[in-house]
2 protein chains.
Amino acid sequence: MIERERRFLVESLPDPLPEPKQIEQAYVSTGPASVRVRRTGDQHTLTIKTGSGRNRNEIERDLEQQEFQAIWDTATELRISKRRHDIELDDGHTAELDLYDGSLEGRRLVEVEFDSDSAADDFTPPTWFGREVTTDNRYTNSSLARYGWPD
Amino acid sequence: MIERERRFLVESLPDPLPEPKQIEQAYVSTGPASVRVRRTGDQHTLTIKTGSGRNRNEIERDLEQQEFQAIWDTATELRISKRRHDIELDDGHTAELDLYDGSLEGRRLVEVEFDSDSAADDFTPPTWFGREVTTDNRYTNSSLARYGWPD
């Protein structure tokens, strides 16, 4: 239920990139509890996150396609479209590299999830990672959906 | 997934009233998709409703107690407390009579859910029901939580 995640800007793209999966997501709420629906292929998910920074509470449930659609249809202005490349790092962690489309086209972020606080503490970012933005709430996807890229 | 519900003011209270159940609920979002957590006894539920009026889309999932708590703690300003009396009507339907506490103390509403449009069309409210407010969005619980009772 606790999601431990560190988020970074991207200095340069690994080459070659593995095949991405296409992700569409929309926010019902971007408040202290963010409520998101996401479609990845034929999988539909509802996610509620509370808290901020590295460790957040995360509640996740599967949705039926028509449940996703009903919510998606109401969240017309808070949508994000991105391609996610899952990249295995040398230390065994997985980097989730997100390349944004739509109004955020050309923007990119990379996230890594951890099983424990110590693993998160000990993580050494590879050289292609840029500045860490984990505690900068402007780089959460809910904030990007609402306010766009922080320039 | 479609919730068919008609909502009424309450002209007078049936006597005697059956034992109520205590309901605490809080809204994460009161927008076009309302997102609510509810605690009834030891049961915790997440409900998302879209649409307005008599027929609304409803998505419901059980929550763990700690999941409920995490969301509840963020929704400090949009809470509703009420006692619900389930009253069997002569026609076989169940009237859910809600007596509100807290900032809505003394207010009351009654709702009836239906299995079909025709059952909802054909329903004859008992004499203790008051004016119907099904299509008056000010009387949804999400609106009551945000704006209070419409005076």
Side-chain angles (χ1 to χ4, degrees), chain A residues 1-5 24-39 42-80 117 137 140-147, chain B residues 1-5 24-39 42-80 117 137 140-147:
Chain A
M1 190 178 165
I2 297 285
E3 176 196 50
R4 290 178 191 79
E5 196 171 70
E24 311 292 337
Q25 59 194 43
Y27 287 85
V28 175
S29 168
T30 60
S34 76
V35 181
R36 178 190 84 193
V37 293
R38 175 184 280 183
R39 175 176 54 208
D42 58 0
Q43 198 180 353
H44 303 85
T45 318
L46 171 75
T47 304
I48 302 180
K49 297 189 188 192
T50 57
S52 64
R54 198 180 75 180
N55 293 5
R56 290 197 286 174
N57 266 290
E58 184 179 74
I59 298 165
E60 207 148 65
R61 295 290 188 278
D62 289 336
L63 292 177
E64 304 291 327
Q65 193 275 331
Q66 64 268 39
E67 293 177 323
F68 167 85
Q69 195 65 44
I71 298 174
W72 175 263
D73 289 344
T74 71
T76 48
E77 285 165 25
L78 297 171
R79 294 179 179 174
I80 278 186
D117 286 337
N137 293 331
T140 61
N141 275 264
S142 63
S143 180
L144 295 178
R146 182 167 289 283
Y147 303 111
Chain B
M1 191 178 166
I2 297 286
E3 175 194 50
R4 289 177 191 80
E5 195 172 69
E24 312 291 337
Q25 60 194 41
Y27 287 86
V28 175
S29 168
T30 60
S34 76
V35 182
R36 179 190 82 192
V37 293
R38 174 183 281 183
R39 175 176 53 207
D42 58 358
Q43 198 179 353
H44 304 84
T45 317
L46 170 76
T47 305
I48 302 180
K49 296 188 189 193
T50 57
S52 64
R54 197 179 76 179
N55 293 6
R56 291 197 285 174
N57 266 291
E58 184 178 73
I59 298 165
E60 207 148 63
R61 296 290 189 276
D62 289 335
L63 292 177
E64 303 292 326
Q65 193 276 331
Q66 63 267 39
E67 293 178 323
F68 168 85
Q69 196 65 45
I71 298 174
W72 176 262
D73 289 345
T74 70
T76 49
E77 285 165 26
L78 296 172
R79 293 179 179 173
I80 278 186
D117 286 337
N137 292 331
T140 61
N141 275 263
S142 64
S143 180
L144 295 178
R146 183 167 288 283
Y147 303 111

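The sequence lines fix the lettering, A, B, ..., with proteins before strands; numbering per chain opens at 1. Values below: every heavy atom of this structure, side chains too, minus hydrogens, waters and symmetry copies.
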Is the CD atom of A:Q43 crowded by more than 12 outside heavy atoms at less than 6.0 Å?
-> no
Please assess B:L46 against A:L46 for the test side-chain contact (heavy atoms from CB on, under 4.5 Å), listing each intermediate value before the final yes or no.
-> CA-CA 11 Å; B:L46 170 76; A:L46 171 75; 3.6 Å; yes
Is chain A contacted by the side chain of [X], its backbone, both, or neither, given a heavy-atom distance below 4.5 Å?
| X | value |
| --- | --- |
| B:V28 | both |
| B:L63 | both |
| B:Q66 | both |

Hey, are the side chains of B:I48 and A:I71 touching, using non-hydrogen atoms and a 4.5 Å cut-off?
-> yes
For the residue pair A:A70 and B:T50, what are the closest heavy atoms and their distance?
-> O-CG2, 3.9 Å
If you measure from the Lys or Arg side-chain nitrogens to the Asp or Glu carboxylate oxygens, is any gap between A:E60 and B:R61 under 4.0 Å?
-> no
